[in-house]
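Written out below as C-alpha cells is the structure these notes cover.
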Amino acid sequence: MEYTFPVTRTATPKEKPDQKALGFGKTYTDHMFIMEYDEGQGWHDGRIVPYAPLQLDPAATTLHYGQMTFEGMKAYKNPQGGINLFRPDMNAKRMQNSNRRLCIPEIDVDLFIAAVKAAVKADIDWVPEEPGTSLYIRPFIISPEPSMAVHPASRYIFCIIMTPVAAYYEGNDKELHGSHIWVEEEFIRAAVGGTGFAKCGGNYSCGMIAATEAKKHGCEEVLWLDAKEHKYVEEVGTSNAFFKIGDTVYTSSLTGSILPGVTRDSALKLMAKWGVKTEEKRLEIEEVIEAIKNGTLTEAWATGTACVVSPIGLLNYKGTEFPINGEKVGELSQKLYDTLYGMQTGEIEDPMGGWVVTL
Ligand code: COI
C-alpha cells in the first residue's frame, strides 16, 4: 500500500548547527511526523508538521506509568547525493514486538517505513555529511490519555523527530577508541519475562543509576549481568556485547532480557559471510575474565544503532581493571565498523543486498 502524508512547512526554519561540533541529540530538525491512534479508528491522520512541543494533559498515562515505546535509526548522505536508510524493516518489526509487550497497538511495517521516509524527506537538508555523522531518527509512541487507572490507553500518538549527530561516544567519529566498562554487580537492567527485549523507556531509566556509578569509576558504560544469578553477561549500556575468545565470537543469546539489536544481527550475518565463527550463548562473566587473563580473549565490542561498533578497552570487575588487547582497537571491531558505516553511507557496496534503502 502507498502512503502519502500532508506536509505543513515551518515559517521559521532554524539555523543548522556546525557539522564539526554536533554531539549527540543537541539540535532537532525543522519538522516532525505525527499520527494519532483512537480505538475504533486505528492509526490515522499521519502528517508532517513544524517541530514543536507536544501538548500533554498532566494526567497522561505515559507520564505516570511509562506506557511508551521507541526506536532508533539513522539516515546518511550517500556519495551520489541521495539518502540511505539501513534495514528500516527491522526497526518497524521490532517496534511491533515492543508494542505487543507494552499493550500498544501495532503500526503496519509499510506505514512505519513510509512515515520515516516522509520525515527524512521533509528535512533532507539536515542530513549531515561530515565523516562519522548522520541524521539520528527517533520514532516513539506515547499515550496522551488522562487517567490514573493502570490499564492500556485507548489513544496514542506516534511521532518521529530527528537530530543531526556525531558519534554516540565522543571521538569515535574521528577514530575508534576502547571504552572503559564497569561490570555492574548490584543493579540489573532486565529480567526474563520483563521488558528487556522491548525498546521502552523503563529499560533505560532503570539503568541510569549504574551508569552514574560507572562514571564515578572512570568508566563510560556498564556491562549488565543477568538478573537471576548475576553470572552471565547480557548487554553493554544501550548496546549488545561481543567477545572474541580463541577463534569464536560470542554474543548473548536472545533470552528475552536482551534487546534484539539491528546492528547485532547485521554484525552476526556479516561475520558469518566472512567465515568468522560465531556463537550466541549465555557467556559467564568469570569465563570472560579468565579469558582476558590467559590471553585468549583478544577483542570485545558493543554494537548499536547509535554507537555502530564501539570497541571495549577494559573491564572494571570487582575493583580490578582488566585491559583487553592492550586497550587497542581490535582488527575485527575495526573491520565491522568500517563495513557497517561504509555500507550505511554508501561508500562501499551493500554486500548483503537490500540492507541499504535509498530515498
Ligand atoms: C540506539 O542505539 O539507537 C539506541 O536506542 C540507544 C539510545 C538509547 C541512544
Side-chain angles (χ1 to χ4, degrees), residues 22-28 66 68-76 84-99 101-102 112 116 119-120 127 132-142 158-173 176 179 181 189-190 195-212 214-215 220-224 234-242 251-252 254 257-268 301-312 333 336-337 340-341 344 355:
L22 287 176
F24 197 89
K26 289 196 199 150
T27 321
Y28 292 83
M68 70 85 63
T69 55
F70 73 94
E71 270 304 321
M73 310 167 70
K74 282 178 173 170
Y76 305 83
N84 289 350
L85 297 173
F86 187 68
R87 308 186 75 186
D89 55 316
M90 294 279 286
N91 298 92
K93 288 176 198 149
R94 186 170 62 187
M95 187 168 238
Q96 290 186 328
N97 289 338
S98 302
N99 286 9
R101 179 63 182 82
L102 274 290
F112 177 98
V116 170
V120 175
V127 183
T133 64
S134 58
L135 185 71
Y136 186 76
I137 306 165
R138 172 52 61 86
F140 65 98
I141 300 177
I142 56 167
F158 173 60
C159 189
I160 303 173
I161 55 173
M162 295 163 288
T163 169
V165 297
Y168 188 67
Y169 296 112
E170 214 179 317
N172 268 359
D173 44 330
L176 293 182
S179 299
I181 305 292
R189 172 187 172 273
T195 57
F197 69 90
K199 219 159 164 57
C200 61
N203 290 344
Y204 296 80
S205 53
C206 76
M208 290 177 187
I209 187 164
T212 308
K215 294 228 155 53
E220 267 178 292
E221 266 304 350
V222 169
L223 174 63
W224 295 109
E234 297 231 313
E235 295 190 17
V236 172
T238 62
S239 327
N240 298 113
F242 287 80
T251 191
S252 177
L254 299 177
S257 55
I258 306 289
L259 188 84
V262 177
T263 318
R264 173 190 180 278
D265 181 80
S266 307
L268 283 171
W301 64 88
T303 62
T305 298
C307 73
V308 191
V309 173
S310 168
I312 298 175
S333 325
L336 276 168
Y337 177 85
L340 283 163
Y341 187 70
Q344 289 164 341
W355 278 8

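Just so you know, ligand 1 is whichever comes first in the structure, and atom 1 is the first atom listed for that ligand.
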So which protein heavy atom does [atom] come closest to, and at what separation?
atom	answer
atom 7 (C) of ligand 1	Arg138 NH2, 3.9 Å
atom 8 (C) of ligand 1	Tyr204 CE2, 3.7 Å
atom 2 (O) of ligand 1	Ala306 N, 2.8 Å

Look only at interatomic distance and state if [X] has a nitrogen or oxygen under 3.5 Å from any nitrogen or oxygen of ligand 1.
X	value
Thr305	yes
Gly72	no
Tyr136	yes

(request) Give a yes-or-no answer on whether the side chains of Glu234 and Ser257 include a donor-acceptor pair shorter than 3.5 Å. (result) yes

Over all heavy atoms of both residues, which pair between [X] and [Y] is shortest? Give the atoms and the distance, please.
X	Y	value
Ile258	Ser252	CD1-OG, 3.4 Å
Ala214	Glu221	CB-O, 3.8 Å
Val236	Leu223	CG2-CD1, 3.7 Å
Arg138	Glu71	NE-O, 2.9 Å

Check each atom of ligand 1 against the heavy atoms of [X] and keep those under 4.0 Å away; list them by number with element.
X	value
Phe70	5 (O)
Thr238	6 (C), 8 (C)
Tyr168	9 (C)

(message) Any non-hydrogen side-chain atom of Asn91 less than 4.5 Å from a side-chain atom of Arg94?
(response) yes

(request) Kindly indicate whether the side chain of Leu102, heavy atoms from C-beta on, has any atom under 4.5 Å from the side chain of Cys200. (result) yes

(request) Heavy-atom distances under 4.0 Å are what count here, so tell me which part of Lys199 touches ligand 1: side chain, backbone, both or neither. (result) side chain

